[in-house]
Number of protein chains: 2
Amino acid sequence: MVKADATTNSTATSFMNGVPELLLLRLLQAREMYGYELVQAIRDETRDAVQFGEGVVYPVLHALEKDGALKSRRKTVNGRSRVYYSLTAAGRRRLGDLTATWLKVSEAIQGVLTGARHAEAI
Amino acid sequence: MVKADATTNSTATSFMNGVPELLLLRLLQAREMYGYELVQAIRDETRDAVQFGEGVVYPVLHALEKDGALKSRRKTVNGRSRVYYSLTAAGRRRLGDLTATWLKVSEAIQGVLTGARHAEAI
DNA sequence: TATTATACCTTGCGACTCGAGGTATGGGGC
DNA sequence: GCCCCATACCTCGAGTCGCAAGGTATAATA
């Protein structure tokens with residue numbers, strides 16, 4: 001077995017749990033989009049820093065719809081059938097909560113990484 | 001008393017995969033520490049924004065040692081036996097890689113959240 | 001003496017991610 | 001007309017990870 005590990009995949013770093021959900025909600029807040037489009041939008045908007053395949057995106061979309069955070073409608077464009085998703089009120093709330101949590105957590109991690117002694121209390 | 005975490009813990013989105021490893025490496029870069037101490041250090045330095053229990057910390061420490069990123073030594077202090085961990089050269093390299101990846105990814109997510117049109121190319 | 005705090009550890013469930021695979025159709029090139 | 005690619009949807013199985021819960025042992029404190 002090749003050692004080769006290093007920065008490759010094995011233990012590799014996916015620091016992202018719940019991130020698909022967060023990004024999907026955020027993109028759909030801006031406008032109605034369909035699954036295949038979302039896969040590429042995430043790749044594009046993050047300049048390839050973040051990539052989620054269809055095997056990630058579709059299940060998350062289905063779960064969010066089942067939870068009432070998204071609603072969908074079929075639409076045929078250029079003879080192609082697409083499922084467009086958009087946020088519900090619950091989805092907007094969820095996006096707000098997730099965003100707040102993400103900010104809090106990522107700032108805290110940032111703080112540890114930059115060696116910031118747990119800063120002064122408020 | 002019920003802890004009753006407000007934000008529905010069920011699917012509760014803990015955006016953090018690989019974060020335990022990252023924080024542990026970072027803290028141990030500063031100085032030699034032991035498991036029980038690390039659990040509290042993470043809580044303290046992140047002002048409770050991030051918390052990892054012993055069930056997370058110990059297994060990660062063992063895995064990192066097995067991978068050669070950490071080395072340990074037993075030491076008895078005040079009649080208490082502790083296992084102190086410190087970084088190896090491989091561990092320092094790993095910390096550097098993980099930190100770079102974390103920065104790239106978290107900035108990309110930040111960009112999407114703030115609606116930054118995938119900024120200008122270099 | 002009993003309880004709490006320190007300090008170590010493992011196990012089993014559940015959740016998440018992802019590659020791989022499967023279906024179907026429209027458009028271009030030959 | 002035919003083949004292949006891109007579009008567009010989907011599921012399954014494997015593997016990983018996080019975590020609560022549980023377990024041991026000892027020092028300090030009440």
Side-chain angles (χ1 to χ4, degrees), chain A residues 5 8-24 32-44 50-67 70 72-85 98 101 105 109, chain B residues 2-5 7-24 32-44 50-67 70 72-85 98 101 105 109:
Chain A
D5 184 353
T8 2
N9 66 13
S10 61
T11 306
T13 7
S14 41
F15 317 91
M16 23 192 109
N17 224 330
V19 170
E21 180 178 333
L22 175 61
L23 293 186
L24 255 18
E32 195 182 47
M33 296 175 82
Y34 55 99
Y36 193 79
E37 183 185 15
L38 285 160
V39 170
Q40 295 161 308
I42 290 176
R43 223 183 0 83
D44 292 348
V50 178
Q51 295 187 46
F52 295 117
E54 301 177 32
V56 172
V57 169
Y58 286 115
V60 173
L61 288 174
H62 299 159
L64 285 172
E65 180 171 25
K66 193 176 160 206
D67 271 21
L70 297 180
S72 68
R73 65 186 181 111
R74 293 201 90 87
K75 204 172 144 188
T76 296
V77 180
N78 296 335
R80 297 205 155 274
S81 178
R82 298 171 177 168
V83 183
Y84 281 84
Y85 292 89
L98 291 185
T101 303
V105 168
I109 294 171
Chain B
V2 182
K3 199 164 187 189
D5 189 18
T7 39
T8 324
N9 205 344
S10 56
T11 307
T13 14
S14 48
F15 316 90
M16 26 191 107
N17 227 329
V19 170
E21 181 177 332
L22 175 61
L23 294 186
L24 255 18
E32 194 183 46
M33 295 176 82
Y34 56 99
Y36 193 79
E37 183 184 14
L38 285 160
V39 170
Q40 294 160 309
I42 290 176
R43 221 181 3 81
D44 292 350
V50 177
Q51 296 186 46
F52 295 116
E54 301 178 32
V56 172
V57 170
Y58 287 115
V60 173
L61 288 174
H62 299 157
L64 285 173
E65 180 172 24
K66 193 176 158 207
D67 272 20
L70 297 181
S72 68
R73 65 187 181 109
R74 291 200 93 86
K75 203 173 144 186
T76 297
V77 180
N78 295 335
R80 297 205 156 273
S81 176
R82 296 172 177 167
V83 182
Y84 280 85
Y85 291 90
L98 291 185
T101 303
V105 168
I109 293 171

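It should be emphasised that the depicted structure is a prediction, and the values quoted were computed from it without experimental measurement. Numbered from 1 within each chain, the chains take letters A, B, ... in sequence-line order. Side chains are part of it too, since the values below use all heavy atoms of this structure and drop only hydrogens, waters and symmetry mates.
- Note that OH of B:Tyr58 and OH of B:Tyr36 are 8.0 Å apart. Values are rounded to the nearest 0.5 Å.
- Across D:dT11, C:dT17, D:dG18, the shortest atom-to-atom separation from the side chain of A:Pro59 is found for D:dT11.
- In this structure, CG of B:Asn17 is placed 17 Å from P of D:dG15, rounded to the nearest angstrom.
- A:Lys66 places its NZ atom 12 Å from the P atom of D:dT11, with the value rounded to the nearest Å.
- A:Leu23 is not listed as a side-chain neighbour of A:Leu38, based on a closest heavy-atom distance of 4.5 Å or more.
- Of all non-hydrogen atoms in A:Val83 and A:Tyr34, the two that sit nearest each other are O-CB, 3.1 Å.
- Across every non-hydrogen atom of A:Pro59 and A:Val56, the tightest pair is CD-O, 3.4 Å.
- Side-chain atoms of A:Tyr85 and A:Glu37, non-hydrogen and from C-beta on, never get closer than 4.5 Å to each other.
- Counting to the nearest Å, the P atom of C:dC16 and the CG atom of A:Leu23 are 15 Å from each other.
- Scored by the salt bridge (Lys or Arg N to Asp or Glu O under 4.0 Å) test, A:Glu32 finds A:Arg73 as partners (sequence neighbours excluded).
- We find that CE of A:Met33 is positioned 16 Å from C1' of D:dC9, with the value rounded to whole Å.
- As a whole-Å value, the separation of A:Phe15 CZ from D:dT16 C1' is 15 Å.
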Let me have a per-nucleotide readout for nucleotides 3-9 of chain C, 5' to 3', with B, S or -, counting only protein heavy atoms under 4.0 Å.
--BBBBB
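- When rounded to the nearest whole Å, the span between CD of A:Glu21 and C1' of C:dT17 equals 14 Å.
- Mapping A:Pro20 and A:Gly79 onto DNA chain C via the closest heavy atom, the residue that lands nearer the 5' end is A:Pro20.
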